[in-house]
Amino acid sequence: MIDICLKNEEKNLLKSLIGKKLIKYRHDPLDKFDGEIVYGRVELFFDNLIILIDYDYAPYPLFGSLDDERPAFSVKKISSEEAVSALKDVSQINVVCEKIISGIVLVEDYIEIEWDRKKDNTRYIKAIIFKFGEEEMALQGDYMIPLLDIIKGENVVSRLLNPGDEFKEDLETKYSADRFLVEL
C-alpha cells in the first residue's frame, strides 16, 4: 500500500490547534483560476505561531514506479522569515479569520487501482477541514498538480470531489474508492 497520509507528528501539530484562534491565513494568488484556488501552500497565523500547510510533489510509487510523483500534504511550524511566497514577485493574499478552531477533520481516500493488468492501492489525504462551530473551511488538494481549493461554508465535505474521481476519465483504469473522515 502507498500511504501518503500525514505523519503522527503532523497530526499532533494540527490537533494542538484545536481551541486556538486562527487570526488569519495567507496564500499566493493564482490569477488563472477563481480566487479560491491557490498555489499549493497556505500559512495559518495564530498568536506566536505560524503553521504552513504545504501541498507539493512527493514520490508516488504506484505500480512500483520510482519516477512518479503526485502532490501530498505536509504540515509544519515555520518562522515569520519562512512565511513568504513560493512564487517570485507576488504579493500574498491575507484573509482575516479571527475564529476559534473547534475541530479538525482529515479526509482520507483509499483507492484500489488496476491498470494494464497491474494492481495497487493507495491511501492519501484529499482535504483538511477546519471547523469553527457551524462554519468550516476545507483545503482540498488537486490529484495531479499542487493546487488547493479553499472551500468555505457549512458541511463542506459534501462539496469535495468524490473519491476516485481522478481515475474516472481513464477508461482503461479500474478502481474502487472509499472515503474516511478522521477527526483529530
Side-chain angles (χ1 to χ4, degrees), residues 2-61 66-109 122-132 135-153 156 160-161 182-184:
I2 302 163
D3 188 344
I4 309 180
C5 291
L6 295 178
K7 299 177 184 109
N8 284 335
E9 55 269 12
E10 293 172 303
K11 290 178 186 178
N12 290 336
L13 179 56
L14 283 175
K15 190 174 184 175
S16 75
L17 301 176
I18 297 171
K20 292 187 184 325
K21 182 190 280 189
L22 177 59
I23 297 167
K24 70 176 180 177
Y25 61 92
R26 182 164 63 196
H27 59 80
D28 291 330
L30 205 57
D31 297 335
K32 296 177 186 175
F33 301 100
D34 295 330
E36 298 301 312
I37 298 179
V38 303
Y39 186 73
R41 61 185 278 146
V42 175
E43 298 150 359
L44 307 176
F45 291 82
F46 301 87
D47 284 332
N48 302 318
L49 178 66
I50 304 170
I51 301 295
L52 172 63
I53 297 182
D54 200 11
Y55 190 68
D56 203 358
Y57 289 111
Y60 186 54
L66 300 176
D67 299 325
D68 285 345
E69 292 184 327
R70 65 153 283 169
F73 281 99
S74 65
V75 179
K76 67 178 181 177
K77 290 181 190 180
I78 61 173
S79 67
S80 57
E81 292 82 22
E82 295 172 291
V84 294
S85 175
L87 305 173
K88 291 183 178 183
D89 301 322
V90 300
S91 295
Q92 290 182 295
I93 297 170
N94 289 287
V95 181
V96 175
C97 187
E98 297 289 340
K99 295 177 184 162
I100 294 177
I101 296 175
S102 59
I104 298 175
V105 176
L106 303 178
V107 180
E108 293 185 3
D109 285 355
T122 183
R123 191 176 115 210
Y124 58 91
I125 301 288
K126 182 64 182 171
I128 300 172
I129 300 174
F130 294 90
K131 295 180 174 227
F132 310 98
E135 293 180 56
E136 299 175 336
M137 178 180 77
L139 303 177
Q140 174 180 250
D142 185 276
Y143 180 72
M144 296 298 290
I145 54 179
L147 298 178
L148 292 169
D149 291 309
I150 299 176
I151 304 168
K152 299 179 209 169
V156 295
L160 299 177
L161 296 174
V182 180
E183 291 203 33
L184 297 180

Contact summary for [X] and [Y], nearest pair of heavy atoms:
X: Leu6; Y: Leu14; result: CD1-CD1, 3.6 Å
X: Glu183; Y: Val105; result: CG-CG2, 3.8 Å
X: Tyr25; Y: Leu44; result: CB-CD2, 3.8 Å
X: Ala72; Y: Ile4; result: CB-CG2, 3.1 Å
X: Cys97; Y: Leu22; result: CB-O, 3.4 Å
X: Leu148; Y: Arg41; result: CD1-N, 4.0 Å

For the backbone of [Y] and the side chain of [X], can you confirm whether one donor and one acceptor N or O come within less than 3.5 Å of each other?
X: Thr122; Y: Ile2; result: yes
X: Glu10; Y: Val75; result: yes
X: Glu82; Y: Ser79; result: yes
X: Asp3; Y: Cys5; result: yes
X: Tyr55; Y: Gln140; result: no

Pairs of donor and acceptor atoms involving the side chains of residues 123-131, under 3.5 Å and at least two apart or interchain, shall be tabulated with distances.
from: Arg123; atom 1: NE; to: Glu108; atom 2: OE1; distance (Å): 3.1
from: Tyr124; atom 1: OH; to: Glu166; atom 2: OE2; distance (Å): 2.2
from: Lys126; atom 1: NZ; to: Gly141; atom 2: O; distance (Å): 2.9

If we only count heavy atoms from C-beta on, is the [X] to [Y] side-chain gap below 4.5 Å?
X: Ile50; Y: Ser80; answer: yes
X: Phe73; Y: Ile53; answer: yes
X: Leu184; Y: Lys11; answer: yes
X: Asp47; Y: Leu49; answer: no
X: Asp142; Y: Met144; answer: yes
X: His27; Y: Ile150; answer: yes
X: Lys99; Y: Lys21; answer: no
X: Glu43; Y: Lys24; answer: no

Once rounded to the nearest 0.5 Å, what's the spacing between atom [atom1] of [X] and atom [atom2] of [Y]?
X: Leu17; Y: Ile51; atom1: CG; atom2: CD1; result: 5.0 Å
X: Arg70; Y: Tyr60; atom1: CZ; atom2: OH; result: 5.5 Å
X: Arg26; Y: Ser85; atom1: CZ; atom2: OG; result: 9.0 Å
X: Asn8; Y: Leu13; atom1: CG; atom2: CG; result: 12.5 Å
X: Leu160; Y: Asp109; atom1: CG; atom2: CG; result: 8.5 Å
X: Leu161; Y: Asp149; atom1: CG; atom2: CG; result: 7.0 Å

### Message
List the residues meeting ring-ring contact (aromatic ring centres under 6.0 Å, His included) with Tyr143, not counting sequence neighbours, and say none if there are none.
### Response
Phe167
### Message
Going by salt bridge (charged side-chain N to carboxylate O under 4.0 Å, His left out), name the residues that satisfy it together with Glu9, two or more places apart in sequence or in a different chain.
### Response
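Counting only residues at least two positions away or on another chain, Glu9 forms no salt bridge (charged side-chain N to carboxylate O under 4.0 Å, His left out).
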### Message
Closer than 4.0 angstrom, basic N to acidic O: yes or no for Glu136 and Lys152?
### Response
no
